[in-house]
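Each remark here refers to the structure printed beneath this line.
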Amino acid sequence: LKPIKINKMKSRIYILITVFVFQFFFSSNLTSQISLEWSKFFYNNNNFARSLCLDDTLNVYIAGGNKILKYNPSGNLQYHLNYYLNGSAYKVIYSDGYIFAGGGTGLVKYSIPRTYNLLRGGDITDILKDNNGYIYSVADNLGDMTIDKYNSAGTIAWSNQILRNTANSYYSNNVFV
């Protein structure tokens, strides 16, 4: 067997790569333990957490069952809201000082802390906020699927029916932007 000759430049590159890989994978920052800051148990009869979001100051909003809860960044409960008509809240998002919650009885906009406006009735299957602050919702009203777009104040920009309920219909319960 003949020894393989590696020029000095290649050997320096290999050493540099080895040091970088070693430092990357074995750095104390990457292998340090993650510590739990706070934890809350959320269950009461049929209430369970389905969705959560953060506001600009890192308050946590949790939707589930017929409740929407607000926790501060330290994990202390600030208040809870009853979801519209005691329906089930599936999704919650925060936008410009408002909480939008969607679920089994519609899309509701809450002004902080406790007043609300029903924006749309029906079964809201998903809501999201785009990078420009617009809110989108997908609603199923007895088989009629619609998608709505709202500004951050809750004023509707447009509404479109996507699909009528037919024997061969298929639709997604999610919205993507």
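Here the structure is a predicted model, which is why all the values come from computation and not from measurement. All values below come from the heavy atoms of this structure, side chains included, with hydrogens, waters and symmetry mates left out.
A donor-acceptor contact shorter than 3.5 Å is absent between the side chain of Glu37 and the backbone of Ser35. Between the side chain of Ser159 and the main chain of Asp148, no donor-acceptor pair closer than 3.5 Å is present.
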**Full working for side chain to side chain contact (heavy atoms under 4.5 Å, CB included) between Tyr71 and Ile62** = CA-CA 8 Å; Tyr71 289 94; Ile62 299 173; 3.9 Å; yes
**Asked** Given Ser152 and Tyr98, is the side chain to side chain contact (heavy atoms under 4.5 Å, CB included) satisfied, shown in steps?
**Response** CA-CA 8 Å; Ser152 62; Tyr98 298 104; 5.5 Å; no
**Asked** Could you walk me through whether Leu128 and Ile93 pass the side chain to side chain contact (heavy atoms under 4.5 Å, CB included) check?
**Response** CA-CA 7 Å; Leu128 65 80; Ile93 58 174; 5.6 Å; no
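Residues meeting the side chain to side chain contact (heavy atoms under 4.5 Å, CB included) test with Ala139, sequence neighbours left out: Arg120, Ile124, Asn141, Thr146. Every residue was checked against the side chain to side chain donor-acceptor pair (under 3.5 Å) condition with Lys129, not counting sequence neighbours, and none meets it. Listed by chain and number, the residues in a side chain to side chain contact (heavy atoms under 4.5 Å, CB included) with Leu58 are Leu54, Pro73 (sequence neighbours excluded). Considering only residues two or more places apart in sequence or on other chains, Asn131 meets the side chain to side chain contact (heavy atoms under 4.5 Å, CB included) condition with none of them. Under the rule for a side chain to side chain donor-acceptor pair (under 3.5 Å), Ser74 has no partner lying at least two apart in sequence or in another chain. Every side chain to side chain contact (heavy atoms under 4.5 Å, CB included) that Asn151 has, sequence neighbours left out, goes to Tyr134, Ala153, Thr155.
Side-chain contact between Tyr61 and Asn59 is present, with at least one heavy-atom pair separated by less than 4.5 Å. Between Asn117 and Val108, the closest side-chain pair of non-hydrogen atoms is not below 4.5 Å. By the 4.5 Å heavy-atom criterion applied to side chains, His80 and Ile68 are not counted as neighbours.
Minimum interatomic distance between Ile135 and Ser95 (heavy atoms only, all atoms of both residues): CD1-CB, 3.8 Å. Of all the heavy atoms in Leu119 and Tyr150, the pair that sits closest is O-OH, 3.8 Å. When all heavy atoms of Val92 and Leu52 are compared, the pair lying nearest together is CG1-CA, 4.1 Å. Annotation for Tyr94 and Cys53: closest pair N-SG, 3.6 Å, computed over non-hydrogen atoms.
Within the structure, the salt bridge (charged side-chain N to carboxylate O under 4.0 Å, His left out) test picks out the following pairs touching residues 89-108 (sequence neighbours left out): Lys91-Asp126.
To the nearest 0.5 Å, atom CG of residue Asn76 and atom CH2 of residue Trp38 are 8.5 Å apart. Rounded to the nearest 0.5 Å, atoms NZ (Lys67) and OG (Ser88) are 11.5 Å apart. Between the NZ atom of Lys149 and the CD1 atom of Ile147 there is a distance of 10.0 Å, given to the nearest 0.5 Å.
Relative orientation of the Tyr116 and Tyr110 rings is tilted, given thresholds of 30° and 60° on the angle between their planes.
The only option from Thr125, Asp123, Leu107 that meets the side chain to side chain contact (heavy atoms under 4.5 Å, CB included) definition with Val138 turns out to be Thr125.
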